[in-house]
Amino acid sequence: MLMMYWQVQQLTREINDLERQALKVRTRLTNYQEYAGRLGGNTNLFSGNIAGLSSELVPRATMFAQYSNYASSVEAGQQLMRMKAMGMTPVLNNPMMQYNYDMNAFAQLKQQSMQAKKQREVDAMHKIEKEIELELNEINLRLKEKTKMKESCEQRLDKRLEDFVPKLG
C-alpha cells in the first residue's frame, strides 16, 4: 500500500513537470506566432516593434531587420540599374524629375524585395510553429497518459484502503 502511495506521488510530480513543460512550449508558440504576425503586416521591423518580442526572438528579429533592409536596398539598386541599362525606364530631360522618378522606382522595388523577404521569414516561422505544436501535442499525450495512470493508481489505492479498514457490524 505504501508503494502505491509513493507511485501516486511520483505520478503527481511527473504530471506537474509535464504541465510546466506544456506551459513553456505554449508560451514559446505564442511568441513565434506574435513575431510572425508582426512580420505579416505592411510595416517593416524596427527597434520600436522588436522591443516587445520575447528575449528568444529579439536577436533573430534584429538580424532579420538589418539583413532585410540592407539586402532589399542592394537588390532594388541592382534591379533599377538593370532596368535602366535595358531601356525599361524613361530618360527625362529634367534632372530633378529623373531623380524623383528613380527614387520612386527604387522605393517600390525595395518594398517588393522587402515583402518577399518578410514572406520567407513568415514561412520559416510557420514551420517552426508546426514543430512546436508537434512538441506540445507529444507533451499533452504524455500528460493524458500519466493522468490516467495516476487515476488508476488512486482508484486501486482507495480500494486497498477500503479493504484494509475493518468493517464493524
Side-chain angles (χ1 to χ4, degrees), residues 1-76 79 107-169:
M1 190 161 44
L2 190 57
M3 190 65 158
M4 291 175 96
Y5 178 75
W6 180 84
Q7 191 175 15
V8 167
Q9 295 305 311
Q10 179 64 29
L11 287 167
T12 302
R13 283 189 292 275
E14 290 175 15
I15 288 169
N16 290 340
D17 185 48
L18 286 170
E19 286 173 342
R20 276 190 296 276
Q21 286 178 26
L23 179 62
K24 286 180 183 179
V25 171
R26 274 193 296 276
T27 301
R28 190 167 170 239
L29 178 62
T30 301
N31 292 339
Y32 275 87
Q33 289 170 337
E34 180 184 350
Y35 176 52
R38 288 183 189 189
L39 285 169
N42 286 332
T43 60
N44 293 330
L45 288 179
F46 58 93
S47 59
N49 60 7
I50 289 175
L53 293 173
S54 72
S55 59
E56 176 185 8
L57 290 170
V58 168
R60 181 182 183 125
T62 303
M63 292 298 293
F64 175 75
Q66 292 170 352
Y67 155 76
S68 62
N69 184 46
Y70 175 76
S72 295
S73 295
V74 169
E75 287 176 17
Q79 192 170 358
Q108 288 178 355
L109 293 169
K110 181 178 178 181
Q111 189 60 32
Q112 289 171 0
S113 177
M114 185 76 77
Q115 284 302 117
K117 286 173 183 29
K118 284 172 53 175
Q119 187 57 51
R120 284 194 298 273
E121 181 74 351
V122 167
D123 293 344
M125 289 302 100
H126 288 316
K127 182 178 178 185
I128 292 170
E129 288 171 21
K130 287 181 183 178
E131 291 170 3
I132 294 171
E133 286 171 350
L134 288 174
E135 182 181 352
L136 184 59
N137 287 341
E138 183 179 308
I139 291 170
N140 286 333
L141 285 174
R142 288 188 300 170
L143 187 58
K144 285 179 185 177
E145 178 183 305
K146 295 291 181 178
T147 302
K148 284 182 183 179
M149 289 172 63
K150 179 185 170 199
E151 289 170 357
S152 173
C153 284
E154 286 174 334
Q155 288 173 356
R156 288 194 318 254
L157 183 61
D158 288 346
K159 178 74 171 128
R160 275 275 178 90
L161 285 172
E162 284 177 17
D163 292 344
F164 186 72
V165 173
K167 295 191 175 48
L168 300 173

Rounded to the nearest 0.5 Å, what separates atom [atom1] in [X] from atom [atom2] in [Y]?
X	Y	atom1	atom2	value
Leu143	Glu138	CG	CD	12.5 Å
Asn137	Lys130	CG	NZ	13.0 Å
Thr62	Gln66	OG1	CD	6.5 Å

Quick one: list whatever passes side-chain hydrogen bond (donor to acceptor under 3.5 Å, both in side chains) with Arg156, sequence neighbours left out.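 Per chain and number, Arg156 pairs via side-chain hydrogen bond (donor to acceptor under 3.5 Å, both in side chains) with Ser152.
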Could you tell me which residues satisfy side-chain hydrogen bond (donor to acceptor under 3.5 Å, both in side chains) with Glu135, sequence neighbours excluded, listed by chain and number?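 Result, side-chain hydrogen bond (donor to acceptor under 3.5 Å, both in side chains) vs Glu135: none returned.
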For a 4.5 angstrom cut-off between non-hydrogen side-chain atoms, does [X] reach [Y]?
X	Y	result
Met4	Lys159	no
Glu19	Ile139	no
Leu53	Asn31	no

Minimal non-hydrogen separation, Leu157 against Tyr5, with atom names: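 Reported closest heavy-atom pair: CD2-CA, 4.1 Å.
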Ignoring hydrogens and geometry beyond distance, is a side-chain donor-acceptor pair present between Asp123 and Gln119 at under 3.5 Å? yes
Test: Lys150 and Glu154 ion pair at under 4.0 Å: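 The answer is yes: the pair qualifies as a salt bridge.
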Criterion side chain to side chain contact (heavy atoms under 4.5 Å, CB included) on Met125 and Arg38, from CA distance to verdict: CA-CA 11 Å; Met125 289 302 100; Arg38 288 183 189 189; over 6 Å; no
May I ask you to check whether over 12 heavy atoms, not counting those of Arg26, lie within 6.0 Å of atom CZ? yes
For residues 9-16, which side-chain donor-acceptor pairs fall under 3.5 Å, sequence neighbours excluded?
{"from": "Gln10", "atom 1": "OE1", "to": "Arg13", "atom 2": "NH2", "distance (Å)": "3.0"}
{"from": "Gln10", "atom 1": "NE2", "to": "Glu14", "atom 2": "OE2", "distance (Å)": "3.1"}
{"from": "Thr12", "atom 1": "OG1", "to": "Val8", "atom 2": "O", "distance (Å)": "2.8"}
{"from": "Glu14", "atom 1": "OE1", "to": "Lys146", "atom 2": "NZ", "distance (Å)": "2.6"}
{"from": "Asn16", "atom 1": "ND2", "to": "Thr12", "atom 2": "O", "distance (Å)": "3.4"}

Could you go through the side chain to side chain contact (heavy atoms under 4.5 Å, CB included) check for Glu145 and Leu141 one step at a time? CA-CA 6 Å; Glu145 178 183 305; Leu141 285 174; over 6 Å; no
Show your working on side chain to side chain contact (heavy atoms under 4.5 Å, CB included) between Ser68 and Met114 and close with a plain yes or no. CA-CA 6 Å; Ser68 62; Met114 185 76 77; 3.4 Å; yes
So among Glu34, Glu129, Glu56, Glu131, which one has a salt bridge (charged side-chain N to carboxylate O under 4.0 Å, His left out) with Arg28?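 Going through the options one by one, the only one that passes is Glu56.
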Derivation of the side chain to side chain contact (heavy atoms under 4.5 Å, CB included) call for Lys110 and Asn69: CA-CA 8 Å; Lys110 181 178 178 181; Asn69 184 46; 2.6 Å; yes
